[in-house]
Protein chains: 2
Amino acid sequence: MRRPTLEAVATRAGVSKSTVSRVVNGEATVGPDIRALVMRAVNELDYMPNPAARSLVTQRTDSIAVIVSDPPAGLVSDDPMFSTVVRAASREFEAAGKQVALMLAGTADSRLRVRQFVAAGHVDGVMLMSMHGADPLPAALAATGVPIVSHGRPAVSVDVPWVDNDNIGGAALAVRHLLDRGRRRIAMISGPLDMSAAQDRLGAYRATLRETGRRSIVAIGDFTRISGAEAMFQLLDDDPALDAVFAANDLMAIGALRALRRAGRRVPDDVAVVGYDDIEAALYTDPPLTTVRSPMGDQAVASARLLLGLLENRPMSSVVLPTELIVRDSS
Amino acid sequence: MRRPTLEAVATRAGVSKSTVSRVVNGEATVGPDIRALVMRAVNELDYMPNPAARSLVTQRTDSIAVIVSDPPAGLVSDDPMFSTVVRAASREFEAAGKQVALMLAGTADSRLRVRQFVAAGHVDGVMLMSMHGADPLPAALAATGVPIVSHGRPAVSVDVPWVDNDNIGGAALAVRHLLDRGRRRIAMISGPLDMSAAQDRLGAYRATLRETGRRSIVAIGDFTRISGAEAMFQLLDDDPALDAVFAANDLMAIGALRALRRAGRRVPDDVAVVGYDDIEAALYTDPPLTTVRSPMGDQAVASARLLLGLLENRPMSSVVLPTELIVRDSS
DNA sequence: GATCATGAAGAGAGCGCTCCCTCCAAAAGG
DNA sequence: CCTTTTGGAGGGAGCGCTCTCTTCATGATC
């Protein structure tokens with residue numbers, strides 16, 4: 001037994017397919033009595049339009065690809081960014097009647113898959129997340145003509161509108177705060193330098209220190225807890241006298257906290273720590289983490305809205321959201 | 001300008017649509033020379049089959065709905081379970097050539113959306129995540145005839161195969177460990193009782209204590225950090241002399257750790273803490289958290305495989321995965 | 001009463017693909 | 001040499017829907 005079709009509903013209601021189509025799509029040009037008749041038939045048969053047939057003719061799919069650059073299996077599995085951003089964006093898209101197709105793009109294989117998927121017309125739009133600099137995906141997708149937005153400014157300049165937080169301003173906030181607290185030797189744990197957020201935060205750290213004539217001390221991580229811990233150990237090695245560290249995200253700050261504990265340093269007495277993002281976990285560290293709040297959820301929502309606007313052919317442009325320093329006990 | 005169709009490829013290669021279709025779908029009954037001819041035309045035109053047209057006739061979509069019961073906006077945004085499970089399952093589905101459609105099912109509205117989406121034939125199968133007891137969704141979806149699996153045993157008995165970890169065995173492990181450590185007054189922070197995992201963990205806690213003639217002391221949380229902290233305060237209020245607490249997941253254990261710190265109790269000296277799940281964060285608490293490792297990623301992979309098997313009409317049955325106690329410094 | 005404007009409903013082509021059926025040529029068998 | 005078998009290729013119906021075009025009824029206008 002097959003699912004009922006438009007035609008079945010039409011027959012049952014004693015009207016034409018066209019009329020049923022009009023009712024189902026909410027067009028105004030149908031008399032109220034006929035509309036009621038059709039609705040009754042629809043309900044009786046539990047009719048639902050076949051999405052494949054519909055999108056075959058409309059050339060729309062009412063779905064959006066959310067593309068996450070996935071690390072190789074096993075790495076960074078519980079990234080709070082993923083959860084927050086995907087959820088917030090999904091809610092926004094669902095509210096607009098768009099379905100979210102989630103795709104992981106880590107390997108070259110999966111990037112090919114993604115490109116094919118998008119080029120085949122599976123989705124009406126694409127939202128990119130956490131793109132790395134070397135990634136050829138944004139350009140490849142832009143070439144398909146499908147509207148794209150990037151959550152986070154792409155590292156290489158490519159003609160894709162984006163939404164980001166004020167990484168430069170936020171990082172400057174963090175460093176100035178440490179300076180205000182009287183810290184002299186402020187180190188930084190940077191994110192991977194092929195991501196614009198990492199570049200900007202590092203750049204602002206350097207610039208701010210330079211203003212006061214101080215030297216920068218940097219170790220590079222990859223935004224994971226473990227890399228934060230490793231970077232911290234290295235920094236302690238490089239400059240045992242450091243009295244503050246600014247981590248480019250909270251996850252690395254958490255790793256740094258653990259490394260400092262292991263190394264016998266007290267926070268904030270010996271070393272002050274400031275993170276970035278203000279994830280929920282920052283409230284639960286010991287001591288609670290001073291951090292720069294980046295409005296991750298808002299950023300995701302803004303990205304989604306940007307894309308939705310693009311789909312309606314409204315002129316849209318990139319957005320920078322403000323950040324805020326949240327002072328807790330780690331600094 | 002439109003994307004090239006099968007017909008365009010056929011014309012260019014000088015063969016029939018049927019032949020192109022055969023080549024594109026990898027059928028064996030095409031001569032090697034003709035196949036090469038067609039492939040050349042495909043590449044030259046950058047042809048990609050239109051998925052809507054294809055699924056209109058095949059009645060397949062090659063996609064899977066992953067349905068997450070989403071809490072109201074703003075709550076538990078950075079659930080590590082979400083990230084781990086969604087990613088692991090996605091990878092598995094993608095490897096099998098299935099696309100993942102992510103749907104949030106929190107409100108009654110969204111549940112209706114989900115039901116319609118599935119009933120309309122948008123997907124070939126459904127994977128349910130973290131279903132609560134009262135949720136009518138599993139039954140409603142089962143009625144559509146689309147294959148379903150549940151990640152986590154559904155609370156109410158419904159004819160849906162599932163994959164879970166050994167909640168009873170795992171919780172018993174945790175409690176026995178605390179008893180072995182000489183703890184006398186062992187409290188528990190339970191998860192929401194409309195979820196089977198919470199029920200089973202609580203049940204095993206009670207049963208294990210009963211064996212040794214001890215009283216159980218329980219507070220109920222909802223698997224979030226904040227609820228863990230609140231539950232911990234309540235437990236301290238109820239029984240200031242408690243010397244151990246078993247939290248039904250690590251997030252709540254982390255909340256409990258913070259509450260204990262605020263209340264001036266030392267961990268593990270005054271109060272031992274054991275969690276459940278072994279999320280990555282458990283390694284970074286102070287002190288590092290003793291916990292029951294539930295193989296979340298494996299469970300997600302197993303759920304995905306179960307569904308993929310169902311789609312191939314292979315007979316499949318529910319799975320229980322073993323757990324393991326990871327002893328760290330909090331107990 | 002004849003003409004025209006208006007709005008509601010029906011007819012049917014066509015979206016791009018798959019898959020059943022038919023056809024044909026070459027190989028195998030008598 | 002003719003018939004039968006076989007495998008590779010083409011023809012074309014039809015999947016379920018939308019949307020343009022057409023038709024028809026109604027009421028307004030002269």
Side-chain angles (χ1 to χ4, degrees), chain A residues 1-42 45-63 97 116-117 119-124, chain B residues 1-42 45-63 97 116-117 119-124:
Chain A
M1 79 146 234
R2 250 211 172 65
R3 291 192 19 243
T5 68
L6 241 207
E7 187 136 35
V9 176
T11 306
R12 178 159 197 124
V15 300
S16 73
K17 281 166 38 183
S18 313
T19 303
V20 178
S21 177
R22 286 186 192 104
V23 171
V24 168
N25 291 296
E27 283 173 43
T29 72
V30 181
D33 40 350
I34 297 251
R35 152 165 278 119
L37 205 62
V38 171
M39 286 309 292
R40 203 155 63 95
V42 164
L45 295 176
D46 194 25
Y47 169 75
M48 268 150 207
N50 179 321
R54 175 177 277 173
S55 69
L56 180 57
V57 34
T58 59
Q59 308 277 18
R60 285 183 289 101
T61 62
D62 291 325
S63 53
Q116 297 233 357
F117 186 79
H122 248 294
V123 291
D124 299 341
Chain B
M1 79 146 233
R2 250 211 173 63
R3 291 190 19 241
T5 68
L6 242 206
E7 187 135 34
V9 177
T11 307
R12 178 160 198 125
V15 299
S16 73
K17 280 166 40 182
S18 313
T19 302
V20 178
S21 176
R22 286 185 193 102
V23 172
V24 168
N25 291 295
E27 283 174 43
T29 70
V30 181
D33 40 351
I34 298 251
R35 152 164 278 119
L37 205 63
V38 171
M39 286 309 292
R40 204 156 62 94
V42 164
L45 296 176
D46 192 25
Y47 169 74
M48 269 149 207
N50 178 321
R54 176 178 276 173
S55 68
L56 180 57
V57 34
T58 60
Q59 308 277 17
R60 286 183 288 100
T61 61
D62 291 326
S63 53
Q116 297 234 357
F117 187 79
H122 247 295
V123 291
D124 298 341

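Reckoned from all heavy atoms, side chains included, excluding hydrogens, waters and symmetry mates. Letters go in sequence order (proteins before strands), and every chain restarts at 1.
When each of C:dG10, C:dC17, D:dG16 is scored by its nearest atom to the side-chain atoms of B:P49, the top-ranked nucleotide is C:dC17. Distances were taken from every side-chain heavy atom of B:L6 (C-beta onward) to each of C:dG10, C:dT18, D:dG16; the shortest belongs to C:dT18. Closest approach to the A:N25 side chain among D:dT18, C:dC17, D:dG8 is made by D:dT18 (side chain taken as heavy atoms from C-beta onward). The side chain of B:K17 has D:dA13 as its nearest neighbour among D:dA13, D:dC17, C:dG16. For A:R22, taking side-chain heavy atoms from C-beta onward, the closest of the listed nucleotides D:dG16, D:dC21, D:dT18 is D:dC21.
One atom, CZ of A:R60, and another, P of D:dC17, lie 14 Å apart when rounded to the nearest Å. Distance, A:I34 CD1 to D:dT26 C1': 15 Å, rounded to whole Å. Here the P atom of nucleotide C:dT18 and the CD atom of B:E27 are 9 Å apart, to the nearest Å. B:R35 places its CZ atom 16 Å from the P atom of D:dG7, with the value rounded to the nearest Å. B:R54 places its CZ atom 18 Å from the C1' atom of D:dG16, with the value rounded to the nearest Å.
The residue among A:V57 and B:V57 whose nearest nucleotide of DNA chain D is located toward the 5' end is B:V57. The residue among B:L56 and B:S18 whose nearest nucleotide of DNA chain C lies closer to the 5′ end is B:L56.
Contact of the A:R54 side chain with the A:N25 side chain is registered, since non-hydrogen atoms from C-beta on lie closer than 4.5 Å. For the pair A:V15 and A:I34, the minimum side-chain heavy-atom distance is below 4.5 Å.
Side-chain N or O atoms of B:S55 include one that pairs as donor or acceptor with a backbone N or O of B:P51 at under 3.5 Å. In this structure, B:R3 contributes its side chain and A:A120 its backbone to a donor-acceptor pair below 3.5 Å.
Close to C:dG10, at under 4.0 Å from its OP1 or OP2, lies a side-chain N or O of A:T19.
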